[in-house]
Amino acid sequence: MASRRLDISYDGSGFSGWASQPGRRTVQGELETALETVLREPVALTVAGRTDAGVHALGQVASFDLAGAVPSDLAWRLNGLIGEDVAVRGVTRAPDGFDARRWARSRSYVYRVLAAPQRDPFERGRALWVSRRLDLDALDRCAAALPGEHDFTAFTPTETDHVRFTRRIFAAGWTRSAREGGSILEFRITADAFLRGMVRALVGTMLDVAEGRRDTVSFERLLAGAPRSEGGRTAPAHGLYLERIEMGDGPTEWVGAPRTEIEQRSEEER
């Protein structure tokens, strides 16, 4: 069996997330159907970062194993079969045993905010519009508290399959670029893995701080495993992008204690 790597980008607006779901349009479903059409046999994709409904991807990575030959123009053929809101940017031969999820060393997301008195139709579906005045220094202080290992129970839905809520954040920070009538704020975060909805809940809670609804001290306390009820709002999906996956040379060790079978299943996606 030979391993293949797919590099993919997509606009998540028209998808019910990455993972296949009966009766729903998903990125995985669209790609697997196209692969089966070209290769004439079922293909099961493994993904590095399973995105939720409405979330975009700039640098998604997926993998599959196949015993037979793969056409050299596979990416071109796939792009002719899938919708215009998803693109396979490349299909490459990967090392034997390559697994996009297990070999991923880190995932990086970016969340875009349009901070301006008036909305911008060209950022519609691309950035969260916030017309209220934001304390940008407060955003920076919140982001500065994130690097390291924390319990993110306060930043994922209460009803969840997750059984371990600790994640290691490698880097986090806000950048801003001025534009006519406002600015674009971008929050970037890199971690070993993410809980479901974690980045959006972090952004929503940080915006609560920046709008004066809570202070940075209360934000920092949430990182010690506070319940979800004490956290802030969840920012909408359309401002979130999976930006980059960093791969290692083999399966990556999970942070913390060895995982049970339930943990492995519930943490497959992020």
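The chain is numbered in sequence order, starting from 1.
Shown here for Asp52 and Gly197, the closest heavy-atom pair between the two residues is OD2-N, 3.8 Å. The minimum heavy-atom distance between Asn79 and Val86, with the atom names listed, is OD1-O, 4.4 Å. The two residues Ala172 and Pro147 have their closest heavy-atom pair at N-CG, 4.3 Å. For the residue pair Val55 and Leu240, the shortest heavy atom distance occurs at CG1-O, 3.5 Å.
Take Glu243 and apply the salt bridge (Lys or Arg N to Asp or Glu O under 4.0 Å) test, not counting sequence neighbours, and it matches Arg188. The salt bridge (Lys or Arg N to Asp or Glu O under 4.0 Å) check on Glu123 picks up Arg112, Arg179, with sequence neighbours excluded. Not a single ring-ring contact (aromatic ring centres under 6.0 Å, His included) links His238 to another residue, sequence neighbours left out. For Arg124, there are no salt bridge (Lys or Arg N to Asp or Glu O under 4.0 Å) partners at least two apart in sequence or on another chain.
Within the structure, the side chain to side chain donor-acceptor pair (under 3.5 Å) test picks out the following pairs touching residues 202-216 (sequence neighbours left out): Arg132-Glu211, Asp208-Arg233, Glu211-Arg213, Glu211-Arg233, Asp215-Ser218.
Put simply, the side chain of Gln60 gets close to the backbone of Gly49: a donor and an acceptor are under 3.5 Å apart. Judged by distance alone, with hydrogens and angles left aside, the side-chain atoms of Thr156 form a donor-acceptor pair with the main-chain N or O of Arg196 at under 3.5 Å.
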Distance-only donor-acceptor hits, side chain of residues 91-100, under 3.5 Å, sequence neighbours excluded:
unit_1 : atom_1 : unit_2 : atom_2 : d
Asp99  : OD1    : Arg101 : N      : 3.0
Asp99  : OD1    : Arg102 : N      : 2.8

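Taking the charged nitrogens against the carboxylate oxygens, Glu30 and Arg25 do have a contact shorter than 4.0 Å, which makes a salt bridge. Between Asp11 and Arg126 there is a salt bridge, since a side-chain N of the basic residue sits under 4.0 Å from a carboxylate O of the acidic one.
Taking the six-membered ring for Trp, Phe194 and Tyr109 have ring centres closer than 6.0 Å.
Other residues, nucleotides and ligands contribute over 12 non-hydrogen atoms within 6.0 Å of the CD atom of Glu41.
Two residues are said to be in side-chain contact when any heavy atoms from C-beta on lie closer than 4.5 Å; Leu45 and Leu31 meet this criterion.
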